[in-house]
Chemist: 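Could you have a look at this structure, given as structure tokens, before my questions?
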There are 2 protein chains.
Amino acid sequence: MSERLIQSVERAADILELFLVTKPELSIKEISENLNLSKSTVHGIIKTLEHRGYLQQNPEDAKYRPGIKLFELGNFVGKHLDIGKVARPFIRELVDELNETVHLVSLQRDEVIYIEKVEGHSTLTIYSHIGKRAPFHSTGVGKSILAYLNENEANRILSSIKLESFTKHTMTNIEDIKEQLHSIREQGYAVDDEEIELGLKCIAAPIFNHQGNVIASISCAAPKMRLDENKLPKVIAGIKKAAAEISICLGYKGKHLIE
Amino acid sequence: MSERLIQSVERAADILELFLVTKPELSIKEISENLNLSKSTVHGIIKTLEHRGYLQQNPEDAKYRPGIKLFELGNFVGKHLDIGKVARPFIRELVDELNETVHLVSLQRDEVIYIEKVEGHSTLTIYSHIGKRAPFHSTGVGKSILAYLNENEANRILSSIKLESFTKHTMTNIEDIKEQLHSIREQGYAVDDEEIELGLKCIAAPIFNHQGNVIASISCAAPKMRLDENKLPKVIAGIKKAAAEISICLGYKGKHLIE
DNA sequence: GAATGCCATTCGGTAATGCCGAATAAAAGG
DNA sequence: CCTTTTATTCGGCATTACCGAATGGCATTC
């Protein structure tokens with residue numbers, strides 16, 4: 001593990017990512033204080049990033065914000081995400097069938113990222129998540145992925161994350177979560193029952209690649225009261241079927257398929 | 001103009017942007033040859049970018065591709081683009097009314113970038129453009145923006161770009177284009193009549209900010225044959241009206257408004 | 001299965017470069 | 001108009017990132 005990383009490139013990344021966790025607009029002073037760097041160092045990096053379109057300065061208050069080049073690159077990435085291309089038609093079909101919002105997430109470097117969201121016609125517009133991280137322990141997609149990782153991986157991730165509590169239903173005990181992963185594997189789907197937002201219930205199922213590794217997940221998100229004994233079975237069946245079909249499209253030949 | 005830019009940050013940007021103009025997956029050798037850098041230099045920067053999620057290595061062939069962190073940042077930018085937030089509802093409404101695809105582009109640092117696209121129900125899905133650059137001389141949005149820039153700016157841009165020919169209808173003579181900009185200003189909208197793609201016709205109108213500067217444009221894109229003497233006037237009126245409404249929302253108080 | 005070629009990766013020395021602290025300029029606020 | 005705040009520039013030094021060469025790993029060929 002040599003890892004000869006380039007300091008100034010890392011610092012540029014630090015600056016860009018600082019916007020994600022603080023505010024969409026920051027001054028040089030704020031950045032240098034947050035990152036413990038001198039103003040002149042930050043200034044040099046920022047001017048380089050600005051010159052290239054990765055940041056832009058607001059002429060009103062001289063503050064900086066992420067720039068259009070990131071938009072360009074981000075959309076390029078989105079367009080070339082294999083999982084997105086494959087899953088899109090299945091998701092569309094599922095939304096038409098269930099008339100509820102369906103999310104697609106992808107497992108990327110120990111993080112679950114929202115890749116796509118298609119809204120059902122009858123839903124309220126939920127705050128859009130695309131590009132954001134989903135917590136592992138409090139979402140259907142997160143749990144369905146955890147459940148199908150190999151146990152070492154899952155344990156490593158579970159012990160590395162903070163089990164933040166979002167509602168009174170969020171599971172924050174690591175042993176409880178591990179136990180639930182068993183039943184997820186038995187059922188073939190995961191449930192989030194108001195664990196991240198009160199009133200919101202999600203049903204999620206894992207997606208596997210050709211090597212049989214879980215790499216993504218889709219979920220149906222709806223107001224809890226709308227998932228009654230009539231609709232819930234349809235949602236579960238629909239999500240499981242779509243996830244299996246997407247997996248097969250990716251070359252999966254394993255046994256977690258719909259019977 | 002001192003411009004003390006950080007070399008390694010610029011090189012990192014060079015690498016990321018190389019994917020946009022070549023292929024979605026490149027080897028270290030290809031990158032170092034393209035950028036005239038030693039393999040070890042490229043390797044150092046790439047490993048840093050990979051470590052931060054800006055690139056990811058394909059285990060199959062050891063090549064690299066843009067990573068998920070760019071997706072995250074790009075979506076963050078998209079969400080905070082003021083023009084997008086303001087224009088979205090007007091665009092939705094316009095699509096419902098016309099049932100044709102509507103694009104929103106934004107002028108950013110001498111480039112016209114596709115920000116949003118809403119498809120009409122009856123259209124074929126055109127290849128998606130979000131995040132990409134639109135040529136100034138061969139699109140309705142590009143010409144409508146050029147027409148309302150101040151003349152120095154417009155001339156500077158026109159003489160700096162390559163007037164690439166996409167179809168037999170593409171205008172490649174700079175004087176012809178300048179002349180057309182006059183009539184665009186008189187009419188209040190721009191037309192692209194198969195100038196970038198055969199069979200495709202677009203009607204575009206400019207969007208102004210509170211200072212009266214053109215900063216964006218919306219267009220309706222449809223198969224040429226569908227824009228007949230019946231529909232064309234509706235499209236023109238609709239695009240002009242929506243562009244004016246969006247401008248007003250942005251604080252515009254000027255005279256390019258619909259009567 | 002040895003040998004060859006190709007390419008990613010590592011290493012070591014060195015010159016350039018990016019970093020910091022201080023000075024300056026510019027802008028905002030009172 | 002003066003004060004305060006923050007962006008920007010400058011100069012010198014130590015660090016760092018760059019390069020060329022060597023190594024390692026993988027696959028293809030004979």
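Letters go in sequence order (proteins before strands), and every chain restarts at 1.
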Chemist: Using a cut-off of under 3.5 Å, enumerate the N/O to N/O pairs linking the protein to nucleotides 15-18 of chain C.
Modeler:
from, atom 1, to, atom 2, distance (Å)
dG18(C), OP1, Q7(B), N, 3.0
dG18(C), OP1, S8(B), N, 3.4
dG18(C), OP2, Q7(B), N, 3.3

Chemist: Nearest-Å distance, CG (N34(B)) to P (dC7(C))?
Modeler: 14 Å
Chemist: May I ask you to test the R65(A)-Q57(A) pair for a side-chain heavy-atom distance under 4.5 Å?
Modeler: no
Chemist: Give, ordered by number, those residues of residues 22-31 of chain B having at least one heavy-atom distance below 4.0 Å to an atom of DNA chain C; if nothing qualifies, reply none.
Modeler: S27(B), I28(B), K29(B)
Chemist: With side chains defined as the heavy atoms from C-beta onward, is the minimum distance between I68(B) and I115(A) less than 4.5 Å?
Modeler: yes
Chemist: Find out whether I207(A) and Y252(A) are in side-chain contact, i.e. whether some heavy atom of one side chain is under 4.5 Å from a heavy atom of the other.
Modeler: no
Chemist: Roughly, in whole Å, what's the span from CG in L37(B) to P in dG20(D)?
Modeler: 11 Å
Chemist: Keeping to residues at least two apart or across chains, list the salt bridge (charged side-chain N to carboxylate O under 4.0 Å, His left out) pairs with something in residues 133-147 of chain B.
Modeler: E72(A)-R133(B), E111(B)-R133(B), K143(B)-E195(B)
Chemist: Would you mind reading off the distance between I15(A) atom CD1 and dA7(D) atom P, rounded to a whole angstrom?
Modeler: 13 Å
Chemist: How would you list, by chain and number, every residue that makes a ring-ring contact (aromatic ring centres under 6.0 Å, His included) with F76(B), sequence neighbours excluded?
Modeler: H80(B)
Chemist: Is there a side-chain contact between Q57(B) and the phosphate of dT9(C), meaning an N or O under 4.0 Å from OP1 or OP2?
Modeler: yes
Chemist: Rounding to an integer number of Å, can you tell me how far E33(B) CD sits from dC6(C) C1'?
Modeler: 12 Å
Chemist: Under a 4.0 Å threshold between the charged nitrogen and the carboxylate oxygen, would E25(A) count as salt-bridged to K63(A)?
Modeler: no
Chemist: Quick check on E93(B): does its CD atom have over 12 non-hydrogen neighbours (other residues, nucleotides or ligands) under 6.0 Å away?
Modeler: no
Chemist: Does N36(B) or H43(A) map to a spot on DNA chain D nearer the 5' end, using the closest nucleotide for each?
Modeler: H43(A)
Chemist: Expressed as a whole number of angstroms, how long is the span from E50(B):CD to dA8(C):C1'?
Modeler: 12 Å
Chemist: How close or far is atom C1' of dA7(D) from atom CD of Q56(A), stated in whole angstroms?
Modeler: 18 Å
Chemist: Starting at NZ of K63(A) and ending at P of dT8(D), how long is that distance when rounded to a whole Å?
Modeler: 14 Å
Chemist: Want to settle it: does K39(A) or P59(A) sit nearer the 5' end of DNA chain C, counting the closest nucleotide to each?
Modeler: K39(A)
Chemist: Excluding sequence neighbours, so at least two apart, what forms salt bridge (Lys or Arg N to Asp or Glu O under 4.0 Å) with K39(A)?
Modeler: none
Chemist: Which donor-acceptor pairs under 3.5 Å do side chains of residues 85-92 of chain A form with protein atoms, sequence neighbours excluded?
Modeler:
from, atom 1, to, atom 2, distance (Å)
R88(A), NE, E116(A), OE1, 2.8
R88(A), NE, E116(A), OE2, 3.4
R88(A), NH2, E116(A), OE1, 3.2

Chemist: When the distance from NZ of K47(B) to P of dT10(C) is rounded to whole Å, what number comes out?
Modeler: 7 Å
Chemist: Can a side chain N or O of Y64(B) be found less than 4.0 Å away from OP1 or OP2 on dT9(C)?
Modeler: yes
